[in-house]
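These values consider heavy atoms only, across backbone and side chains, with no hydrogens, waters or symmetry-generated copies. Predicted model only: the values in this text are computed from it and were never measured.
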Amino acid sequence: MSLLSSPNFLRNVIRADAASGLASSLLHLMLAGYLSDLLGLPRALLVGSGLLLLGYVALAAFISTCDPMPRPLVWTLVAGNAAWALACLLLLSSAALAPTLLGKIYIVVQALAVAVLAELEWTGLRRQAQAVPAW
């Protein structure tokens with residue numbers, strides 16, 4: 001059985017989303033000063049994003065425990081990831097910040113990672129809808 005055809009595909013993607021969000025949140029909160037210097041990003045931005053991520057992680061972790069998973073809440077995760085990716089791209093194009101090269105790479109990696117998570121969650125939702133018999 002492939003990963004994509006697993007009945008737990010969506011749940012596993014959401015768990016991975018929560019785990020990666022928690023790692024990013026802790027990184028931003030615990031190392032904000034160091035990352036600020038290294039990435040050329042404001043400390044307040046890193047702390048704020050770290051706190052925002054904690055709420056997102058709590059929602060994702062909750063959703064991953066539900067059976068069945070509430071589709072509107074999963075759509076909230078998809079939208080949140082898409083918004084995060086867009087915000088990263090807007091951040092890069094903003095003249096208000098001057099990230100270092102490493103900071104630019106970090107932002108691009110963040111954008112790509114959450115865009116992939118949004119796509120995987122969307123794919124999981126579509127597969128879930130196809131598996132439900134139409135009455």
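Of all heavy-atom pairs between Ala61 and Ala18, the closest is N-CB, 4.1 Å. Contact between Leu59 and Thr76 at its shortest, heavy atoms only, is CD2-CG2, 4.0 Å. Taking both residues in full, the closest heavy atoms of Val74 and Ile63 are given as CG2-CG2, 3.7 Å, listed atom of the first, atom of the second, then distance. Across every non-hydrogen atom of Leu117 and Ser20, the tightest pair is CD1-OG, 3.9 Å. Shown here for Glu121 and Asn81, the closest heavy-atom pair between the two residues is OE1-ND2, 3.1 Å. Contact detail for Leu46 and Ala32: the closest heavy-atom pair is CD1-O, 3.6 Å.
The CG atom of Leu125 lies 5.0 Å from the CZ atom of Arg71; values are rounded to the nearest 0.5 Å. In this structure, NZ on Lys104 lies 14.5 Å from SG on Cys88, to the nearest 0.5 angstrom. In this structure, the separation between CG on Leu77 and CG on Asp17 is 6.0 Å, given to the nearest 0.5 Å. Here the straight-line distance linking atom CG of Leu51 with atom CG of Leu29 works out to 5.0 Å at 0.5 Å rounding. One distance of note links CG of Leu97 with CG of Leu90; it measures 11.5 Å at 0.5 Å rounding.
Side-chain contact between Arg11 and Asp67: present, with at least one pair of heavy atoms (C-beta onward) separated by less than 4.5 Å. Counting only heavy atoms from C-beta outward, the side chains of Gln128 and Pro68 never approach each other to under 4.5 Å. A heavy-atom distance below 4.5 Å is found between the side chains of Phe62 and Leu73. The closest side-chain heavy-atom distance from Leu41 to Ile107 is below 4.5 Å. Between Tyr56 and Ser25 there is no side-chain heavy-atom pair separated by less than 4.5 Å. Counting only heavy atoms from C-beta outward, the side chains of Asn12 and Arg15 approach each other to under 4.5 Å. Leu10 has its side chain within reach of Met69: a pair of non-hydrogen atoms, C-beta onward, lies under 4.5 Å apart. At least one side-chain heavy atom of Leu91 sits under 4.5 Å from a side-chain heavy atom of Leu45.
Cluster membership for Tyr106 and Val108, using ILVMFWY side-chain heavy atoms within less than 4.5 angstrom, is shared. Under the 4.5 Å side-chain heavy-atom criterion for Ile, Leu, Val, Met, Phe, Trp and Tyr, Leu53 and Leu89 are members of distinct hydrophobic clusters. Both Leu38 and Leu92 belong to a single network of hydrophobic side chains, linked directly or stepwise wherever heavy atoms of I, L, V, M, F, W or Y lie under 4.5 Å apart. Hydrophobic clustering places Val116 together with Phe9 (ILVMFWY residues linked when any side-chain heavy atoms are closer than 4.5 Å, directly or through intermediates). Cluster annotation: Val114 and Val109 are assigned to distinct hydrophobic clusters (Ile/Leu/Val/Met/Phe/Trp/Tyr, side-chain heavy-atom contacts under 4.5 Å, transitive).
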*side-chain contact (heavy atoms from CB on, under 4.5 Å) evaluation trace for Leu22 with Leu54*: CA-CA 7 Å; Leu22 181 59; Leu54 285 179; 4.3 Å; yes
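Of the possible polar contacts, none joining the Ser24 side chain to the Gly50 backbone as a donor-acceptor pair under 3.5 Å is found.
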